[in-house]
Structures are given as C-alpha cells and as structure tokens.
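What you are looking at is a predicted structure, and each value in this text was computed from that prediction instead of being measured. These values consider heavy atoms only, across backbone and side chains, with no hydrogens, waters or symmetry-generated copies.
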Amino acid sequence: MDYILAPSILSADFKVLGEQMKLTEDNGAKYLHFDVMDGMFVPSISFGMPVLKSIHNATDQVMDAHLMVQEPIRYVEAFKEAGADIVTIHLEACEDVNATIAKIRECGMKVGLSICPETPVSKVEDLLKDIDMLLIMSVHPGFGGQKFIPESLDKIREARKMIIDQGLFVDIQVDGGIYQTNVKEVLDAGANIIVAGSAVFKGDPAENTKAMMEILKTYE
C-alpha cells in the first residue's frame with residue numbers, strides 16, 4: 001500500500017501558488033488536492049475548472065479533484081479536460097451515485113467517493129467494489145481550519161475492515177484537521193492518503209511537507 005500526502009491548495013498562497021506546489025512535489029507529496037465548492041452543497045465557493053487547467057502542468061503531481069458540488073455528474077467531463085486524474089464525488093450530493101461513478105470511469109479517471117461526518121460508512125459498503133478511493137471527511141466540508149472529529153477514527157477502522165473483508169484494494173483518504181501531531185492516529189486507523197492544508201502551507205511548505213512525509217514513510 002502506498003502512503004501518500006495530498007496537500008490542499010485551498011490553504012496555499014495564490015500569489016506564489018506555482019512555487020508552493022513545486023516545493024511540495026520536490027519534498028515528496030505525490031498528489032495535489034483541489035477542493036471545488038459550489039456554494040450549494042457546501043456554503044463556501046472556491047474555484048473550478050479554469051484554475052485546474054491553468055495549474056495542472058506546473059508539476060507532475062496527481063491532480064486529485066474533490067468535488068463538493070451538487071450533482072457533480074454535470075462537471076465530470078469538464079474536469080477531465082481540465083487535467084484531473086482523480087475525481088472524488090460526495091455520496092450525499094448525487095441523485096444517482098452509480099451513474100456518476102460510471103461517468104468518471106468512462107472518462108478514464110480514478111473514482112473517489114466521499115462521505116460527510118454524519119454519514120455512516122455502511123452507506124458505501126456496496127459501492128466499494130466500484131471505486132478506487134474512499135474519502136472520509138474528518139471535518140464538515142466547506143471550511144478550512146476546523147478541528148479533527150475524533151469519531152472519524154472509528155469510521156476509518158470500519159471502512160478498512162470492509163475493504164479487507166471484500167478482498168479489495170481501495171485507498172482510504174482522510175481530509176480535515178490533520179497535522180503532524182495527529183497524523184499517526186489517522187494512519188494507524190487504516191488511512192493511507194492524507195489531505196493536509198494548513199499543516200503544509202502555513203509556514204514553510206517545503207519543511208512541512210518533508211516532516212509529514214517522514215511520518216508517512218515509516219508506514220511503508
């Protein structure tokens with residue numbers, strides 16, 4: 001299993017975004033997490049396809065697009081064209097989640113499926129065979145800087161057990177309130193892809209990425 005850091009550019013300084021992206025790549029972050037918010041599924045509005053299209057060639061990192069939008073099936077093809085490698089949708093945002101998963105797959109991208117803190121892991125048990133990554137939100141989606149919800153650890157354990165019991169190879173990504181001080185708990189619970197915003201971009205992105213990667217490498 002690969003242990004991967006996915007810095008969230010929502011916390012980056014957009015005046016020097018390209019430089020900060022490269023610093024995370026040079027220090028071991030394989031993914032770049034791209035938070036898309038529509039002001040409907042979540043209260044905030046962030047950025048969309050034009051921004052991803054403009055930055056995706058700035059590094060060789062995997063472009064990990066997290067669509068916190070209502071009916072994301074509407075945008076799957078556009079995110080493929082913009083350069084996304086992985087598209088993660090929210091179970092709660094899809095009228096037909098199976099059709100949305102199929103659309104992502106048809107476009108040749110990896111499929112991520114996310115659940116909010118209030119949604120039990122059991123809701124995705126039958127969908128695990130159809131996805132590449134399960135994203136467990138450890139904060140309420142839509143705002144940066146929130147504290148990690150401790151109950152998320154039980155959800156991670158439950159999800160990892162389901163994946164093992166089904167004989168599957170599905171990544172578990174966790175997003176929200178993760179820092180050097182608590183990332184080991186998240187990894188110990190069964191996650192292998194860590195989204196980090198403030199933990200990477202607040203201060204020195206190079207040093208912060210390096211420190212997080214040193215922890216992740218001990219699990220390989």
Check your understanding: Which of these passes side-chain contact (heavy atoms from CB on, under 4.5 Å) with Phe79: Val87, Asp85, Ile104?
Key ->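 Of Val87, Asp85, Ile104, side-chain contact (heavy atoms from CB on, under 4.5 Å) with Phe79 is met by Val87 alone.
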Study note, to complete from the structure: Exactly one of Ile194, Val186, Ile156 clears side-chain contact (heavy atoms from CB on, under 4.5 Å) with Ile172, and that residue is Ile156
**Study point:** Taking every non-hydrogen atom, the tightest pair across Ala189 and Leu153
**Key:**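 Heavy atoms of Ala189 and Leu153 come nearest at CB-O, 3.8 Å.
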**Study point:** Closest non-hydrogen atom pair, Met212 against Ala196
**Key:**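 Between these two residues, the closest heavy atoms are CE-CB, 4.1 Å.
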Practice item. Decide whether Val36 and Leu52 are clustered together by the hydrophobic rule: side chain heavy atoms of Ile, Leu, Val, Met, Phe, Trp, Tyr closer than 4.5 Å, transitively. Key: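 Yes, because Val36 and Leu52 connect within a single hydrophobic cluster, where side-chain heavy atoms sit under 4.5 Å apart.
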Heavy-atom side-chain contact between [X] and [Y] under 4.5 Å:
X: Pro141; Y: Pro117; result: yes
X: Ile101; Y: Ile89; result: yes
X: Lys30; Y: Leu5; result: no
X: Thr119; Y: Glu92; result: yes
X: Leu127; Y: Asn98; result: yes
X: Asp64; Y: Leu32; result: no
X: Ile115; Y: Val121; result: yes
X: Leu113; Y: Leu91; result: yes

Which pairs with one or both residues in [range] pass salt bridge (Lys or Arg N to Asp or Glu O under 4.0 Å), sequence neighbours excluded?
range: residues 209-220; value: none
range: residues 3-29; value: Asp13-Lys15, Lys22-Glu25, Lys22-Asp26
range: residues 162-186; value: Lys161-Asp165
range: residues 95-115; value: Glu77-Lys103, Arg105-Asp132

Using links of under 4.5 Å between side-chain heavy atoms of ILVMFWY residues, direct or through other members, which residues join [X] in one cluster?
X: Val139; result: Leu135, Met137
X: Tyr31; result: Ile4, Val62, Ile86, Met133, Ile193
X: Met40; result: none

Can you sort out the partners of [X] under ring-ring contact (aromatic ring centres under 6.0 Å, His included), two or more places apart, ordered by chain and number?
X: Phe47; answer: Phe14, Phe34
X: His66; answer: His33, His90
X: Phe148; answer: none

**Study point:** Polar side-chain atom of Ser46 near backbone of Asp35 as donor-acceptor pair, under 3.5 Å
**Key:** yes
**Study point:** Backbone of Thr24 reached by a side-chain donor or acceptor of Asn27 within 3.5 Å
**Key:**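 Such a contact is absent between Asn27 side chain and Thr24 backbone.
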Check your understanding: Between Asp188 and Tyr219, do the side chains contain an N or O donor and an N or O acceptor separated by less than 3.5 Å?
Key ->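 Present: a donor and an acceptor within the cut-off.
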Review point. What pairs with Asp154 under side-chain hydrogen bond (donor to acceptor under 3.5 Å, both in side chains), at least two apart in sequence or on another chain?
Key: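 For Asp154 the side-chain hydrogen bond (donor to acceptor under 3.5 Å, both in side chains) partners, ignoring immediate neighbours, are Arg157.
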**Study point:** Ser54: side-chain hydrogen bond (donor to acceptor under 3.5 Å, both in side chains) partners, not counting sequence neighbours
**Key:** none
